[in-house]
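A short worksheet on the structure shown next.
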Protein chains: 2
Amino acid sequence: MFSKRQQQIIETAIKIIATNGIQNLTTKNLANEIGISEPALYRHFNNKLEILKAVIAYFKIKMQPASAKLNKSANSLNNIEKFMLEHLKIISQNPDFAKVIFSEANFQNEENLILKMNNMMNQSHKILETIVRSGQQKNEIRSDISSLSIIRMVIGAMRLLITQWSMSGKIFNLEIEGKQLCSDLRKIIVVN
Amino acid sequence: MFSKRQQQIIETAIKIIATNGIQNLTTKNLANEIGISEPALYRHFNNKLEILKAVIAYFKIKMQPASAKLNKSANSLNNIEKFMLEHLKIISQNPDFAKVIFSEANFQNEENLILKMNNMMNQSHKILETIVRSGQQKNEIRSDISSLSIIRMVIGAMRLLITQWSMSGKIFNLEIEGKQLCSDLRKIIVVN
DNA sequence: ATTATCTTTGTTAGTGTTCACTAACTTGGT
DNA sequence: ACCAAGTTAGTGAACACTAACAAAGATAAT
């Protein structure tokens, strides 16, 4: 899909956005950071927008394993736990992702980028929705609260946790804190 | 605090950010939208950064009433509900806020702006923390889950709801959907 | 094995456009 | 007469991107 050089450009772009903000992602900074000239970038991407699109596609590829590991037949509470922890693990291993991934607003000016970003997010939501719904049917998850609310709590809390981790300068262990959040979420949605 | 003209500049800046993204907040667009010349802006703010600082200060002023209405002696669950609904009400009445308020990443390049934005957010968190802690002490809120997790669920779910509302083009009623989320949150944290 | 050709990937130097901001002047109210 | 708040015209710097050329490696003909 992406050549070695393209991957290097994408990863460097992510690094720049994460450390200095998207305003500092200029062709000049990007080329300097890699150690090539500006026009060399255009041998690998048609324009800057294509680079941003590639960044989003790159996220998608990297995040896919988090959902792939789910086993639909397993206990739904365990699946939610796995869903959360796998996501947190990937973010934890790719710290630069955190700052970029929740800054949808940064891509606001380009219709296509918003759509791509939203699609990526919605994909995760839909997977979680399937788990929650089946959990409620199997009477593993309480049904006196709407599945939509549960999804909003799970994803909302998870995203906030990641944001807090990123904003704090990663002073706490994301996966450990995630496990605490996970077990608390489990307690409140489980059927007694 | 802010003169009439300054307020107009701030509100127009928010409008531009909300509709076209922060990349389109240029002195030219801002001046054109107001109907004055670019240099006229500089009669009211020293530079563009001061305008962005004013935008954040403006949010702070507008959001304050949401916390001011809380009654510390009241039932903590009612207080949480009021906390959420008052916030949603203000966002609902100022739809442009939504797109700007959660785009902290946009201000990433300016140290001071991040700090100001974070302070604003943390203020809300601390107020909610006080409510939750006292609710657990009064045995109105269950204590087998950490207050931190509860705060993350409440604020996380609320922020996600606002994001979804904003991203969807406001196709649903934020306050009605908020009430549903609120009552579900209440059910799961209440002591039975 | 050597030479010729093509393709890929890089370079230097420069384009027009847009940016935030300024100098200097004007107008209108007190 | 003064001062706040506007104007026109223009600044240098930074932006994404391009034209033209150079080097190096792979392929293929001699």
Side-chain angles (χ1 to χ4, degrees), chain A residues 1-17 19-57 100 103 105-114 116, chain B residues 1-58 100 103 105-114 116:
Chain A
M1 194 70 189
F2 291 123
S3 70
K4 280 270 150 78
R5 193 56 116 188
Q6 281 179 319
Q7 281 183 45
Q8 189 186 16
I9 293 170
I10 293 168
E11 282 162 12
T12 309
I14 291 169
K15 187 177 152 198
I16 290 173
I17 295 174
T19 50
N20 299 319
I22 199 157
Q23 297 92 337
N24 279 285
L25 182 69
T26 63
T27 49
K28 189 179 178 181
N29 288 345
L30 186 50
N32 283 349
E33 187 74 19
I34 296 170
I36 57 175
S37 67
E38 255 181 285
L41 293 173
Y42 291 86
R43 296 285 175 205
H44 305 279
F45 290 99
N46 288 332
N47 49 53
K48 195 183 161 185
L49 182 58
E50 294 294 323
I51 297 176
L52 285 173
K53 283 182 186 172
V55 165
I56 295 176
V100 186
S103 58
N106 286 338
F107 302 117
Q108 239 171 33
N109 57 336
E110 272 298 333
E111 288 279 329
N112 287 336
L113 289 186
I114 316 171
K116 275 173 190 281
Chain B
M1 194 69 189
F2 292 123
S3 69
K4 280 269 150 83
R5 192 57 115 189
Q6 282 179 318
Q7 281 183 44
Q8 188 187 17
I9 293 170
I10 293 168
E11 282 162 13
T12 309
I14 292 170
K15 187 177 153 196
I16 290 174
I17 295 173
T19 51
N20 299 320
I22 198 157
Q23 297 92 337
N24 280 286
L25 182 69
T26 62
T27 48
K28 189 180 178 182
N29 289 344
L30 187 52
N32 283 349
E33 187 74 20
I34 296 172
I36 57 174
S37 67
E38 257 181 284
L41 293 174
Y42 290 87
R43 296 283 174 206
H44 305 279
F45 291 100
N46 287 333
N47 50 51
K48 195 182 160 186
L49 182 59
E50 294 293 325
I51 296 175
L52 286 173
K53 284 183 186 171
V55 165
I56 295 176
Y58 188 77
V100 186
S103 58
N106 286 337
F107 303 116
Q108 238 169 34
N109 58 336
E110 272 299 334
E111 288 279 330
N112 287 336
L113 289 186
I114 315 171
K116 274 173 190 283

task = Write down the distance between CZ (B:Phe45) and P (C:dT22), rounded to a whole number of angstrom.
result = 16 Å
Pairing residues for B:Gln6 by the side chain to side chain contact (heavy atoms under 4.5 Å, CB included) criterion, not counting sequence neighbours = B:Phe2, B:Ser3, B:His44, B:Phe45
Contact between [X] and [Y] at the side-chain level, heavy atoms closer than 4.5 Å - yes or no?
X: B:Asn20; Y: B:Asn29; value: no
X: A:Leu30; Y: A:Ile51; value: yes
X: A:Asn24; Y: A:Thr19; value: no
X: B:Ile36; Y: B:Arg5; value: yes

Out of [options], which has the shortest distance to the side chain of [X]?
X: A:Tyr42; options: C:dT11, D:dC17, C:dC21; value: D:dC17
X: B:Arg43; options: C:dG10, C:dC25, C:dC21; value: C:dC25
X: B:Asn47; options: C:dC21, D:dA16, D:dG6; value: C:dC21

ask   = With sugar-phosphate meaning primed atoms plus P, OP1 and OP2, does A:Leu25 contact a base, only sugar-phosphate, or nothing at under 4.0 Å between heavy atoms?
value = sugar-phosphate
query = When you match A:Thr26 and A:Asn46 each to their closest nucleotide on DNA chain D, which lands nearer the 5' end?
reply = A:Thr26
key: Spacing of CD belonging to A:Glu33 relative to CG belonging to A:Leu25, to within rounding of 0.5 Å   = 11.0 Å
query = Is the distance from OP1 or OP2 of C:dT8 to the nearest side-chain N or O of A:His44 less than 4.0 Å?
reply = no
inquiry  = So which atom in A:Ile10 and which in A:Ala54 form the shortest heavy-atom distance, rounded to 0.1 Å?
reply    = CD1-CB, 3.7 Å
ask   = Can you name the nearest heavy-atom pair linking B:Leu41 to B:Thr27, along with the distance?
value = CD1-O, 3.5 Å
inquiry  = So if I take residues 30-41 of chain B and measure heavy-atom distances to DNA chain C, which residues fall below 4.0 Å?
reply    = B:Glu38, B:Pro39
ask   = In residues 1-11 of chain A, which residues come under 4.0 Å of DNA chain D by heavy atom?
value = none
